[in-house]
Amino acid sequence: MPEPVAVTGIGLVTAVGWTPDEVWRSIAEGRSGLGELTLFESPRCGHLPIAEVRGNPAGRSSLASGSRSDHLAEYAAGQAFKAANLETAPRRINPRAGVVVGGSTGGMLEAETFLEKLINEREVDLTLIEHYLCASSTDAIAARFGLGAFRSTVSTACSSSALAIATACDVIKSGEADVMLAGGVDSLTRLTLNGFASLLIVAEDGCRPFDEDRKGMSLGEGAAFLVLENEKHAADRGAEILARVIGYGSTCDSHHATAPDPEGDGIRRAMEIALKDAGIPGKDIDYINAHGTGTLDNDRAEANAVLGVFGKEIPLISSTKRFFGHTLAAAGAIEAAVCIMALRRQQVPGNLGLRKVEEGIEIAPVRETQNANLKTAMTNSLGFGGNNVSMIFGLT
Amino acid sequence: MEKALADIIGIGAVLPSPEVSEIEFPFAVDADAAPAYLCEKKIGKGILPAGMLRRLGRSQRMAMLSAEDALEGVDIESTPPENRAICLGTGLGELGETAAFSENMIRLGEKEPKPAKFINSVHNSLAAQAAIRFNFKGENHTITHKGISFELALWQAAVVLREERAEVVLATGADELSPYVALVGKRLGLWRQTNEPVSPLAASGGAASGGAASGGAIPGALPGEGAASLLLKKPGSSDNRLARIKSLSIKFLKENEALELDVDTAVEFIREAVGEAELELDGLDLVLLGANGNAESDAAYEKVIEHMNDLSGNISFGVYRHACGDFFTAAAIGLYFAVRSIQENKISRGKACLAPAIKTVGGNRPGPVRNILLFHIHTGGFLSAVLVGP
């Protein structure tokens, strides 16, 4: 079995809170972050509940300038660094520390204003696209925390940050860094709001993953980061190990540009690879945080895949999408953080919004947050393009 | 013991025309058009099925066509789809489709947005479409990190092969030239506005310009576009390799450090990259540089050339960006040219390019070409070195 990678810090920002404790309080209380969109004006305001981060990210982050995504990312990354007892204001670049960020919208929110000014006023305001690239968040974080070993930006739609965490593990296992900050970010944009609406997969009553009356997904925004470390490095500096990344697997459906393989073949293989990587059988998984977006296709495919891997011994399972919406590229990292918090708190989050499981979906998600004896947790991420990632975290 | 990273068993590329063309701006600001190196307008016509042509954006088609070239003649069917992975680098993804969706959304007040354009807007739509067409069901990575995107994809490909998470990996670099890139680049002063062809290093006044082909060259870079794909296998696992990636090194600098590069740092980086493959600088037959004609960035390359010449008088240098222009993943094109040169055992003149694919610069001229180092100073704050040999 390969050496696991230690998790020594987590940080996250979602519609239900600016810290892990705030987020978990919402999960424990069953409180959703879905509400009215206030970030920008849109004809869709009022019709579609959105999980918007309230408050001003730019006011909270330490960056002098940046996109909304950059500020959200820096704030979450800073929390993770602080939680890991690493220096948040380094005087020197650390040549053994790096960062991988998963992102898909980058500075699109600001770029939309650029485009609006260009179309309507023929004005070219370059300041609005200064931070357009997804890599902007990565570079800002690297500069801010002195991360000199490796920096990369992964963009595989809704599996981006899960794959970013897997990539960071690859970097540590390759010996190219001792410490990696890994996670993801996406802010709300008109592009994603209108794009998902055009696909007719946004629910007017908010997402209800696995429910028989589910009407689709709900958009959200946020950021989450993990501090990952070579276990020896963590031990040598006396860091508290919150959990370990014990396995991960990644596959492609090769089926359709947006729709998952109906049988869930790709995500099934990703889970199987992750189990093999961890060197444990399926029965040793105690909890699955499902991708569970609330769309008809996704939930059926994922349920089929879970059934295919675990048979009749399905672990406790839930989707947490109704708490913070589908945060797209940030979802994998946010849900990885949720898994680690679940392991630390010995609690399983409830599948908020579920009333009655759709007939034919042969899994029984946990309805309310409950105590449980947890040693391992798996999280699944599925993205456009049939991109699947499954990760397993363990306490030991 | 050489620590090779991958065997290259197939290559393919989509290159722009060697003639400087004009890209039209989307709106009447500044000017109507700007000079650029462009691929043909209806790229893929007559090659890809009509339905696919309609559905796919420009960079998706480029990536797919370069992959198709790389797969030609390779018995890919003998590898199970689950063991075929893709690692793709793109600086801007499918920007054309993203912009089209957003323009439409703004003009129509968010009424009737077009789902097809939205589906294509994700960066990984390039790798996803290639996966669907060629039935690649293994890992599927898309990396988007400015000028280093392709090299990072190559790094990921090497990890996937080393860890035996796939038997074959398609490593691709692809970027289209959007009118927005041309417009913004013009405003930022990144590119010159004349239709003269680009001559990297020819006008920077350094040692290399003395031996360059074109006298009186005008300094400045031009934007370009293109895609290149390499089909990779674990070293020693194929009888049909075209070339081998012997080492890959990336150095991460501060964002603005690249242009003020300490030349000792750069040369030491190159020496280490070459040393990874148990070679000395003298063992290099050609150092292929990412110089693009921009006086400031070319000057950084000039310093490296001078310093390397001081250390070893036998090194030959070459450039390639006169054949494709400047774009985030142009290094993939450089690697494509390098592999072709190794195949032919001489500097490749490029099958899809009328101009020589690689121009030698400086005084030395390479003889038979075996070991080529592709070296880049990326302005985003990165150095990269890819060593390829037979």
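In what follows, chains carry the letters A, B, and so on, assigned in the order in which the sequence lines appear, proteins first and then strands, with residues in each chain numbered from 1. Please read all numbers here as calculations on a predicted model, not as lab measurements.
The choice from A:Thr105, A:Val101, A:Leu191, A:Leu133 that makes the most heavy-atom pairs within less than 4.5 Å of chain B is A:Leu191. Of the listed residues B:Val122, B:Val160, B:Asn120, B:Leu152, the one with more heavy-atom pairs under 4.5 angstrom with chain A than any other is B:Leu152. The most heavy-atom pairs under 4.5 Å with chain B, out of A:Ala329, A:Gly386, A:Ser42, come from A:Ser42. The candidate with the highest count of non-hydrogen atom pairs below 4.5 Å against chain B, out of A:Val171, A:Thr189, A:Val100, A:Leu200, is A:Val171. Counting heavy-atom pairs closer than 4.5 Å to chain B, the top-ranked of the candidates A:Ser174, A:Ala197, A:Cys134, A:Ala143 is A:Ser174.
When heavy atoms are compared at a cutoff of 4.5 Å, A:Leu115 approaches chain B by way of both its backbone and its side chain. Contacts between A:Arg269 and chain B at a heavy-atom distance below 4.5 Å involve the side chain alone, from C-beta outward. Only the side chain of A:Ile129 comes within contact range of chain B, with heavy atoms under 4.5 Å apart. Using a 4.5 Å cut-off between heavy atoms, A:Asp265 touches chain B through its side chain atoms alone. Only the backbone of A:Ala149 comes within less than 4.5 Å of a heavy atom in chain B; its side chain stays farther off. For B:Tyr180, the part sitting under 4.5 Å from any heavy atom of chain A is the side chain, from C-beta outward, and nothing else.
Side-chain atoms of A:Asn387 come within 3.5 Å of backbone N or O of B:Asn140 as a donor-acceptor pair.
With salt bridges taken as basic N to acidic carboxylate O contacts below 4.0 Å, none links A:Asp170 and B:Arg162.
Pairing each heavy atom of B:Pro115 with each of A:Ser198, the nearest pair is CA-OG, 3.3 Å. Residues B:Glu110 and A:Asn194 approach most closely at OE1-ND2, 3.0 Å, considering heavy atoms. Contact record, A:Gly385 with B:Ala128: CA-CB, 3.4 Å, taken as the closest heavy-atom pair. Nearest heavy-atom pair across B:Thr98 and A:Met108 is CG2-CE, 3.4 Å. Closest of all the heavy-atom pairs between A:Pro43 and B:Gly109 is CG-O, 3.5 Å. Minimum interatomic distance between B:Asn124 and A:Thr156 (heavy atoms only, all atoms of both residues): CG-CA, 3.5 Å.
Within the 4.5 Å cutoff, no side-chain heavy atoms of A:Tyr132 are placed close to those of B:Val184. Side-chain atoms of A:Val154 and B:Thr144, non-hydrogen and from C-beta on, never get closer than 4.5 Å to each other. The shortest side-chain heavy-atom distance between B:Lys137 and A:Thr251 does not fall under the 4.5 Å cut-off. With contacts defined as side-chain heavy-atom distances shorter than 4.5 Å, the pair A:Phe384/B:His123 does not qualify. The shortest distance between side-chain heavy atoms of B:Phe252 and A:Leu147 does not fall below 4.5 Å. Within the 4.5 Å cutoff, the side chain of A:His255 has no heavy atoms near those of the B:Ile132 side chain.
In this structure, the separation between CZ on A:Arg190 and OG on B:Ser102 is 10.0 Å, given to the nearest 0.5 Å. With values rounded to the nearest 0.5 angstrom, A:His256 atom NE2 is found 9.0 Å from B:Gln129 atom CD. Note that the CZ atom of B:Arg84 and the OG atom of A:Ser254 stand 8.5 Å from one another [nearest 0.5 Å]. Expressed to the nearest 0.5 Å, how far CE of B:Met105 lies from CD of A:Glu116 amounts to 8.0 Å. One distance of note links CZ of B:Phe25 with CG of A:Leu118; it measures 10.5 Å at 0.5 Å rounding. The structure places CZ of B:Arg107 at 9.0 Å from CG of A:Asn120, a figure rounded to the nearest 0.5 Å.
A ring-ring contact (aromatic ring centres under 6.0 Å, His included) check over residues 86-105 of chain B, counting only residues at least two apart or in different chains, returns the pairs B:Phe101-B:Phe118.
Heavy-atom proximity under 4.5 angstrom to chain A picks out B:Gly91, B:Leu92 from residues 85-94 of chain B.
Side-chain contact, A:Asp139 with B:His145: a donor N or O sits under 3.5 Å from an acceptor N or O.
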Derivation of the side-chain contact (heavy atoms from CB on, under 4.5 Å) call for B:Leu188 and A:Leu126: CA-CA 9 Å; B:Leu188 291 173; A:Leu126 295 179; 3.6 Å; yes
